[in-house]
Amino acid sequence: GPRAQFTAVENDYIATANQLSATIEKGETQLSPQTIAKLKASLRIIDAAILEARRALAADPANKALIEMLTTSYGQKVDLLRRTTEMGQS
């Protein structure tokens with residue numbers, strides 16, 4: 001069902017996000033402390049939204065709207081990390 005499909009997608013997003021976070025954390029990018037602070041603030045907001053949607057989904061696993069919301073949040077997170085990483089590698 002949609003939940004099982006989403007779990008696979010979710011695992012992909014989490015793996016990608018972790019990989020990008022690790023690159024930034026290890027200081028492999030030429031990012032200013034301000035940029036990293038802004039990134040972390042944005043990530044906190046996205047992570048809070050992800051946590052909330054996951055809690056709601058645990059209570060209502062068949063809810064397609066929640067799955068879409070979560071997919072969007074993960075997409076935003078990966079996109080933000082990817083853009084920040086690329087910015088630091090120029």
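Heads up: numbering here begins at 1 and tracks the sequence. These figures come from a predicted structure and were not determined experimentally.
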Do any side-chain atoms of residues 42-50 form donor-acceptor pairs under 3.5 angstrom with protein atoms, and if so which ones, sequence neighbours left out?
from  : atom 1 : to    : atom 2 : distance (Å)
Ser42 : OG     : Lys38 : O      : 3.1
Asp47 : OD1    : Lys77 : NZ     : 2.8

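For Asp12, the side chain to side chain donor-acceptor pair (under 3.5 Å) test picks out no residue, with sequence neighbours left out. Scored by the side chain to side chain contact (heavy atoms under 4.5 Å, CB included) test, Asp79 finds Arg83 as partners (sequence neighbours excluded).
The line from OG1 of Thr23 to CZ of Arg82 is 11.0 Å long, rounded to the nearest 0.5 Å. Between the CD1 atom in Ile14 and the CD atom in Gln19 there is a gap of 13.5 Å [rounded to 0.5 Å]. Glu68 contributes atom CD, which lies 11.0 Å from atom CZ of Phe6 (distance to the nearest 0.5 angstrom). The line from CZ of Arg55 to CG of Asp60 is 16.0 Å long, rounded to the nearest 0.5 Å. Distance CD/Glu10 to OG/Ser73: 11.0 Å, rounded to 0.5 Å.
Looking at Thr85, its side chain does come within 3.5 Å of a backbone N or O of Leu81 through a donor-acceptor pair. For Asn11 (side chain) and Thr7 (main-chain N/O), a donor-acceptor pair under 3.5 Å exists by modelled atom type.
For the pair Gln89 and Thr29, the tightest heavy-atom approach, listed with the atom from each and the gap, is CG-CG2, 4.3 Å. Across all their heavy atoms, Val78 and Leu20 have their closest contact at O-CD1, 3.8 Å. Pro61 and Ile67 get closest at one heavy-atom pair: O-CD1, 4.2 Å.
Using a 4.5 Å cut-off between side-chain heavy atoms of Ile, Leu, Val, Met, Phe, Trp and Tyr, with links allowed through other members, Leu51 and Leu70 fall into different hydrophobic clusters.
You'll find the side chain of Leu66 stays beyond 4.5 Å of the side chain of Arg54, heavy atoms only. Side-chain contact between Thr35 and Ser32 is present, with at least one heavy-atom pair separated by less than 4.5 Å.
Relative orientation of the Tyr74 and Tyr13 rings is parallel, given thresholds of 30° and 60° on the angle between their planes.
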